[in-house]
Amino acid sequence: MEALSELLKSFPFLLIGAWETLKLTAFSVGIGLILGTFIGMGRLSKIKFINYPCTAYVEFLRGTPLLVQISIVYFGLPQLGIQLAPYPAAITALGLNSGAYIAEIVRAGIQSIPKGQYEAARSLGLTHWQSMRYVILPQAFRNILPALGNEFITLTKDSSLASVIGVSELMRAGQFVISRTFQTFSIYFGIAFIYFVMTFVISRLVRYIERRMATA
Amino acid sequence: MSDKNGNEIIIKIENLVKRFGKLEVLKGVNMEVKRQETIVIIGPSGGGKSTLLRCINKLEHYQDGKIYLDGKDIDEYDINQLRTRIGMVFQQFNLFPHMNVLQNLILAPTKVKKVEEAQAIEKAKYLLNKVGLIDKIDAYPEQLSGGQKQRVAIARALMMDPEIMLFDEPTSALDPELVGEVLDVMKDLANSGMTMLVVTHEMGFAREVADRIVFISGGVIEEEGKPEEILKNPQKQRTREFLRRIL
């Protein structure tokens, strides 16, 4: 009983943490989307000077643990004279990381569009960028929406790693409550429940948008 | 640049060679196209017909030879400028599925030529009227039949005021009963004086509309001439075989 009452008492505090988690994730996804779109296009470039760095970027960020990446940004960069506060450091690391995954999604999305679409656009005199902007990417994004939703959900959960550098998101808020109440099971379970509700809502939201775009 | 009869030559192709890896698809093609001429290109599949068209607007790079537009090497043109002068119609239509008919038509003029939107819409309406699809102006491609899609695609290409139109098997993906409506639009276009290069298997169209038929096989022009010459009295063995099979 005490466990439950402690959970209920600290619930508003956890919700504030959840709100921070959402903000953290939204910022990171925003960065990841912009980065991923350009790197995904770069991965398809025939110019080696563009293609190789983009490929290296994706391989490196997918091939190393996010926890290590966060540590490099927060603990490592200060040695090079770049000092970031926990929150910007977390957004940077999460954004760079999701950028790599989103790049792969975007690449697959572009490749899913028949070549004739690009050729038709170019044959009308549109430049490469115009063809991408008006013809290929709008269709690609419609196709990759489910995969992007997945990435959004993954990132919501992964953002809990930001707790190790002291960002007061949901996980960190929970640990704070536990250090005061020692109710490990109920609080961790409460945290899990809040994460689940967030990801569930996101997945429903993505499906709703998907269906609306399909009928549009 | 004019030929000896004083007709202006708009496109001149010299010794064009195109390879895909080791496969030589065009083995030295020479060809001249006069302004307002309609040329129908026929030949077995894999013979290089489509590749030839695609080289003209640089959708394909070629390894050797030259293509001239108005006497100037096409490599010397800005590529997007070049393409606005050469319209292309594809076998698979390639309408943009996320845009309605009107948006498909006005995209290139407003973005490439910076035409005012209102002006582009006027022109789109005029051309849709011409191809008989003004009532489909708000429709999305998936709501159109194949023949309607191809007529929209022709109108879309015409929005840029091209001087030459390339047709790459424009009716090959259509149900037989829809071929006629597309050919009619092309006939009107030819009669209005458009310079046209048409890759097709529609011999009726070739006979009726073409000024010249070019038979391409094995990467070279085997034979060319007036429709009655080529269709009734082909000189080369390969041409005869090909025509016997498709007629």
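Lettering follows sequence order; numbering is per chain, from 1.
- Atom CZ of B:F20 is surrounded by more than 12 heavy atoms from other residues, nucleotides or ligands within 6.0 Å.
- For B:K66, the NZ atom counts as loosely surrounded, since its 6.0 Å shell holds 12 or fewer non-hydrogen atoms of other residues, nucleotides or ligands.
- For A:R62, the CZ atom sits in a packed shell: over 12 heavy atoms of surrounding residues, nucleotides or ligands are nearer than 6.0 Å.
- With respect to chain A, the highest number of heavy-atom pairs below 4.5 Å among B:I79, B:L107, B:L82, B:L166 belongs to B:L107.
- Smallest separation of non-hydrogen atoms from B:A108 and A:L124: CB-CB, 3.7 Å.
- For residues 112-122 of chain A, the interface with chain B (any heavy-atom pair closer than 4.5 Å) comprises A:K115, A:G116, A:Q117, A:E119, A:A120, A:A121, A:R122, sorted by residue number.
- Within 6.0 Å of the OH atom in B:Y126, the count of heavy atoms belonging to other residues, nucleotides or ligands does not exceed 12.
- Atom CZ of A:F176 is surrounded by 12 or fewer heavy atoms from other residues, nucleotides or ligands within 6.0 Å.
- One finds the CD atom of A:Q139 at 5.0 Å from the NE2 atom of B:H98 (value rounded to the nearest 0.5 Å).
- Within 6.0 Å of CD on B:E117 lie no more than 12 heavy atoms contributed by other residues, nucleotides or ligands.
- Put simply, the side chain of A:P138 does not reach to within 4.5 Å of the side chain of B:F96, judged on heavy atoms.
- Of all heavy-atom pairs between B:N57 and A:S123, the closest is ND2-CB, 3.8 Å.
- At most 12 non-hydrogen atoms from other residues, nucleotides or ligands lie less than 6.0 angstrom from CZ of A:F38.
- Contacts with chain A (heavy atom to heavy atom, under 4.5 Å) involve these residues of residues 149-162 of chain B, listed by number: B:R156, B:A157, B:M160.
- Around the CD atom of B:E116, the shell of radius 6.0 Å holds no more than 12 heavy atoms that belong to other residues, nucleotides or ligands.
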